[in-house]
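First the structure, in the form of structure tokens, and then the observations on it.
Everything numeric in this text was worked out from a predicted model, so none of it was measured. Residue numbers begin at 1 in each chain, while the letters A, B, ... track the order of the sequences.
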Amino acid sequence: MKPLNGEFYLRDTLMIARDLLGKYLVRKSDGTYLIGRITETEAYIGASDKACHAYGKKMTPRTKTLYEQGGTSYVYLVYGMYHCMNVVTEPKDEAAAVLLRGVEFVKGLEEAAIFRYGEELEALSKYQLKNFSNGPGKLCKAMGITREQNNMDLCGQEFFITDYVEGIENPTFEVGISSRIGIDYAEEAKDFPWRFFISI
DNA sequence: TTCAGGATGTACT
DNA sequence: GTACATCCTGAAC
């Protein structure tokens with residue numbers, strides 16, 4: 001299990017958003033691995049995108065991370081209570097990132113259940129399992145991702161993305177594309193087809 | 001099964 | 001004060 005090469009993150013952001021589908025987000029916590037297969041992403045590109053936190057070169061303490069070199073994590077708090085995990089893309093000083101909106105756990109589900117619901121895996125209802133990590137706030141909670149994981153190098157050994165996990169088969173899948181979620185305020189940018197998801 | 005409303009901190013007006 | 005890259009709950013169907 002090897003982190004993706006740093007060059008993966010220096011390409012076109014839309015291409016990266018598409019290519020992240022089916023890859024694995026890995027976080028080492030307390031010596032155990034939490035691993036989830038990425039099922040849904042969205043691209044945010046500051047240069048042309050009113051929905052991006054850094055549209056118009058906006059620079060604040062929060063958005064500073066978006067200008068880092070591709071391959072850095074960008075984690076922020078939305079609606080006062082949920083974290084969102086992004087992968088910064090493109091070279092330094094270009095503000096762009098890919099939001100991870102959903103994962104399917106392939107390893108560490110028992111530990112994740114504690115992060116997510118504070119309960120043992122066996123105690124969870126069918127409804128809770130179905131909604132375990134199928135949203136940006138949910139996947140962060142399930143993986144224990146907080147602002148402590150902001151601005152981390154995703155080429156390290158504790159927190160990274162890989163395309164192969166020992167013992168896990170990579171299924172084939174179809175890619176669905178649509179407009180993004182939850183950005184109705186963003187005028188023309190709200191209709192950009194910058195959301196990618198595994199549809200089969 | 002769907003739906004409206006509320007929770008809550010940070011950034012910006 | 002207002003808005004926000006969301007999710008959960010409880011009530012109605």
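Atom name P, nucleotides C/dT2 and B/dG6: the rounded distance is 15 Å, in whole Å.
Crowding of A/Glu188 atom CD: a count of heavy atoms from other residues, nucleotides or ligands under 6.0 Å exceeding 12. Heavy atoms of other residues, nucleotides or ligands lying less than 6.0 angstrom from CD of A/Glu110 number 12 at most. Within 6.0 Å of atom NZ in A/Lys138, more than 12 heavy atoms from other residues, nucleotides or ligands are found, so the atom counts as buried in its surroundings. Other residues, nucleotides and ligands contribute at most 12 non-hydrogen atoms within 6.0 Å of the CD atom of A/Glu169.
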(request) Give DNA chain C the dot-bracket treatment, 5' to 3': Watson-Crick (N1-N3 with N6-O4 or O6-N4) or G-U (N1-O2, O6-N3) under 3.5 Å, [ ] crossing, | other strand. (result) ||||.|||||||.

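For the segment residues 48-61 of chain A, residues with any heavy atom less than 4.0 angstrom from an atom of DNA chain B are, sorted by number, A/Lys58, A/Thr60. For residues 134-151 of chain A, proximity to DNA chain B is found at A/Arg147, defined as any non-hydrogen atom under 4.0 angstrom from a strand atom. For residues 66-101 of chain A, proximity to DNA chain B is found at A/Leu77, A/Tyr79, A/Gly80, A/Met81, defined as any non-hydrogen atom under 4.0 angstrom from a strand atom.
Between A/Asp49 and A/Arg180 there is a salt bridge, since at least one side-chain N of the basic residue sits less than 4.0 Å from a carboxylate O of the acidic one. A salt bridge links A/Glu40 with A/Arg195: the distance from a Lys NZ or Arg NE/NH1/NH2 to an Asp or Glu carboxylate oxygen falls below 4.0 Å.
Nearest heavy atom pair, residue A/Leu25 against residue A/Met143, reads O-CE, 3.4 Å. When all heavy atoms of A/Glu166 and A/Lys107 are compared, the pair lying nearest together is O-NZ, 4.3 Å. Minimum interatomic distance between A/Ala142 and A/Ser133 (heavy atoms only, all atoms of both residues): CB-CB, 4.4 Å.
In summary, the side chains of A/Glu42 and A/Tyr44 do present a donor paired with an acceptor at a separation below 3.5 Å, with no hydrogens or angles considered. The closest side-chain donor-acceptor pair between A/Glu111 and A/Ser29, if any, does not fall under 3.5 angstrom. A donor and an acceptor atom, one from each side chain of A/Asn150 and A/Thr65, are located under 3.5 Å apart.
Of all nucleotides in DNA chain C having an atom under 4.0 Å from a heavy atom of chain A, the first and last in 5' to 3' order are C/dC4 to C/dC8. Read 5' to 3', the first and last nucleotides of DNA chain B with an atom closer than 4.0 Å to a heavy atom of chain A are B/dA7 to B/dC12.
Note on A/Ile35 and A/Leu4: separate hydrophobic clusters, where clusters join Ile, Leu, Val, Met, Phe, Trp and Tyr whose side-chain heavy atoms are under 4.5 Å apart, directly or indirectly.
Remark: A/Arg11 fails to qualify as a cation-pi partner of A/Tyr9 under the 6.0 Å distance and 45° angle criteria applied to the six-membered ring. A cation-pi geometry, defined here as NZ or CZ lying under 6.0 Å from the six-membered ring centre and within 45° of its normal, does not hold between A/Arg37 and A/Tyr24.
Looking only at side-chain heavy atoms (C-beta outward), A/Phe159 and A/Met85 come within less than 4.5 Å of each other.
Rounded to the nearest 0.5 Å, atoms CD (A/Glu90) and CG (A/Leu10) are 9.0 Å apart.
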